[in-house]
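Inspection log for the structure reproduced underneath, given as structure tokens.
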Amino acid sequence: MNIQKNLMRCGALLAAVLALAPSALAADAETASVPAVQLIPAVRTVQTDWRLLLVNPWNTVPEGYKIQLATLSNGLQVDERIYDDLDDMLTDCREAGLSPIVCSAYRTEATQTRLYRNKVARVRASGVPEDQVEAEAARWVAKPGTSEHQTGLALDIVAASYQILDERQEDTAEQKWLMENSWKYGFILRYPSEKSDITGIGYEPWHYRYVGKAAAAEIYRTGVCLEEYLGRAVLPAAELTPARPARAAEAPAVRPLEPVSSAASV
């Protein structure tokens with residue numbers, strides 16, 4: 001009698017299990033079919049650093065790019081976020097007995113268009129074959145939309161004693177000081193002579209670009225250009241220039257920027 005009751009109880013339990021099994025197995029199958037990436041969504045955070053915006057012949061100024069401008073005492077303008085570091089750099093340069101002059105800073109697209117067209121006309125008049133005119137012009141004056149000057153982060157600085165934009169600018173005491181010290185204030189010489197194949201721009205020993213102090217120190221230390229620093233072009237370590245130790249910059253007194261003459265380049 002007891003055996004019969006036990007058998008009946010086991011049968012009831014088995015029936016209950018079998019009744020639940022299809023839904024349970026279906027739930028297991030559904031869970032197993034969902035990829036792990038869907039169970040735990042991946043989170044990607046893309047951070048953009050305005051100081052490292054890349055603008056060159058292959059990367060145009062972002063559409064709708066907006067900046068707040070600060071006006072220098074000569075009427076030229078720069079991105080207001082770089083004003084203090086620029087002022088500090090020029091102040092220290094002057095206190096070293098030198099006379100740096102900012103001759104070009106922020107440009108509108110209309111201004112860049114005018115400069116580029118003028119350069120094209122001069123190149124054409126020089127006898128360059130017609131199929132090479134625009135490419136040659138763009139090595140010295142960027143096509144509209146591809147100039148760093150349109151970002152407000154770049155400027156041309158010359159010596160008061162030599163205000164011509166050519167390679168002799170590098171021989172001035174002002175450029176020698178800037179090439180050695182600009183990184184302390186977050187600026188780099190943007191178009192070094194040996195990097196033209198990477199930057200797409202000819203050597204300009206007067207064109208400085210703000211990238212922030214951390215990036216400027218690393219670019220100066222390793223001898224790379226901005227494209228290389230951002231990973232758009234990579235050179236073997238053996239081809240990099242010898243490392244130079246970074247030095248902390250002293251906090252300079254602030255004084256107004258001085259009036260400058262106008263000029264044009266990339």
Side-chain angles (χ1 to χ4, degrees), residues 48-83 85-87 101-126 128 130-158 163-166 169 186-192 195-196 198-212 215 225-227 229-230 232 257 259-266:
T48 346
D49 189 337
W50 62 270
R51 295 168 296 187
L52 299 177
L53 174 65
L54 180 62
V55 174
N56 62 16
W58 309 279
N59 296 271
T60 59
V61 177
E63 187 175 353
Y65 185 73
K66 301 290 184 182
I67 54 174
Q68 295 295 319
L69 295 169
T71 303
L72 311 184
S73 60
N74 63 345
L76 297 179
Q77 295 178 304
V78 296
D79 187 313
E80 66 177 8
R81 294 169 291 188
I82 79 170
Y83 180 88
D85 286 332
L86 172 60
D87 193 30
I101 292 180
V102 177
C103 62
S104 185
Y106 169 74
R107 298 176 192 156
T108 63
E109 182 154 349
T111 296
Q112 191 65 32
T113 299
R114 174 176 56 79
L115 294 173
Y116 175 70
R117 288 176 178 172
N118 289 344
K119 185 63 176 179
V120 167
R122 291 195 298 274
V123 170
R124 181 176 286 118
S126 71
V128 171
E130 186 59 33
D131 61 347
Q132 300 174 26
V133 167
E134 290 201 8
E136 178 62 21
R139 291 186 66 241
W140 307 105
V141 177
K143 292 182 178 180
T146 69
S147 172
E148 287 193 329
H149 284 283
Q150 290 180 240
T151 69
L153 302 175
L155 56 151
D156 297 338
I157 306 176
V158 296
Q163 300 184 37
I164 301 174
L165 300 182
D166 63 18
Q169 189 64 227
F187 291 87
I188 58 170
L189 181 69
R190 181 63 176 94
Y191 304 118
K195 303 294 184 179
S196 295
I198 298 173
T199 64
I201 303 298
Y203 177 40
E204 293 192 353
W206 57 82
H207 183 110
Y208 291 85
R209 159 67 192 269
Y210 188 81
V211 294
C225 61
L226 182 58
E227 282 79 3
Y229 178 77
L230 294 175
R232 304 299 175 96
L257 300 177
V260 298
S261 59
S262 60
S265 70
V266 167

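Values in this document were obtained by computation on a predicted structure and should not be read as measured data. Positions are given from 1, in the same order as the sequence printed here.
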Problem - Closest contact, heavy atoms only, G212 versus R51 - result: CA-CD, 3.9 Å
Exercise for the section: State the OG1-CG distance between T146 and N59, to the nearest 0.5 angstrom. Expected result: 10.0 Å
Exercise for the section: Find the distance between CG (L155) and CZ (F187) and round it off to the nearest 0.5 Å. Expected result: 5.5 Å
Problem - Which atom of A105 lies closest to which atom of V78, heavy atoms considered - result: CB-CG1, 3.8 Å
Practice task
Check whether any side-chain heavy atom of S196 lies under 4.5 Å from a side-chain heavy atom of Y191, and answer yes or no.
Solution key: no
Exercise for the section: Go through the steps to decide whether L153 and I82 satisfy the test side chain to side chain contact (heavy atoms under 4.5 Å, CB included), and finish with yes or no. Expected result: CA-CA 7 Å; L153 302 175; I82 79 170; 3.8 Å; yes
Completion exercise
For Y203 and P192, the nearest pair of non-hydrogen atoms, with its separation, is CD1-C, 3.7 Å
Problem - Close side-chain approach of I101 and Q163, heavy atoms under 4.5 Å - result: yes
Problem - Y116 side chain reached by E134 side chain, heavy atoms, under 4.5 Å - result: yes
Exercise for the section: Enter the distance from L54:CG to E227:CD here, rounded to the nearest 0.5 Å. Expected result: 5.0 Å
Problem - Side-chain heavy atoms of L165 within contact of C103, under 4.5 Å - result: yes
Exercise for the section: Decide yes or no on side chain to side chain contact (heavy atoms under 4.5 Å, CB included) for Y229 and I188, but give the supporting numbers first. Expected result: CA-CA 12 Å; Y229 178 77; I188 58 170; over 6 Å; no
Problem - Side chains of T151 and Y65 in contact at under 4.5 Å (non-hydrogen atoms) - result: yes
Problem - Sidechain-backbone polar pair: T113 side chain, E109 backbone, donor-acceptor under 3.5 Å - result: yes
Practice task
Look only at the side chain of Q150 and the backbone of G145, and say whether a donor-acceptor pair between them is shorter than 3.5 Å.
Solution key: yes
Handout entry: Shortest non-hydrogen contact from N74 toward V102
Key = ND2-O, 3.5 Å
Handout entry: Partner of H207 under side chain to side chain donor-acceptor pair (under 3.5 Å), chosen from E148, Q169, R190
Key = E148
Problem - Test item: side-chain donor near acceptor, D79 and Q68, under 3.5 Å - result: no
Handout entry: Between OG1 on residue T199 and CG on residue N56, distance to nearest 0.5 Å
Key = 8.0 Å
Exercise for the section: Would you check if the side chain of H149 reaches a backbone N or O of Y106 as a donor-acceptor pair within less than 3.5 Å? Expected result: no
Fill in the blank from the handout: Scanning both residues in full, the closest heavy-atom pair of C225 with K195 reads CB-CG, 4.0 Å
Exercise for the section: Using a 4.5 Å cut-off on heavy atoms from C-beta on, say whether the side chain of L52 contacts that of L230. Expected result: yes
Exercise for the section: Assign the ring pair Y210 / W50 to parallel, tilted or perpendicular, where the plane angle (0 to 90°) is split at 30° and 60°. Expected result: parallel
Handout entry: Sub-4.5 Å side-chain heavy-atom contact between P62 and L53
Key = yes
Problem - Inter-residue atom distance R139.CZ - K119.NZ, 0.5 Å rounding - result: 10.0 Å
Exercise for the section: Any chance you could lay out the side chain to side chain contact (heavy atoms under 4.5 Å, CB included) test for I157 and Y208, step after step, and finish with the verdict? Expected result: CA-CA 7 Å; I157 306 176; Y208 291 85; 4.2 Å; yes
Practice task
I would like to know whether R107 and D156 meet salt bridge (Lys or Arg N to Asp or Glu O under 4.0 Å); could you show each step before the answer?
Solution key: CA-CA 12 Å; R107 298 176 192 156; D156 297 338; 3.7 Å; yes
Exercise for the section: Check whether any side-chain heavy atom of V120 lies under 4.5 Å from a side-chain heavy atom of V123, and answer yes or no. Expected result: no
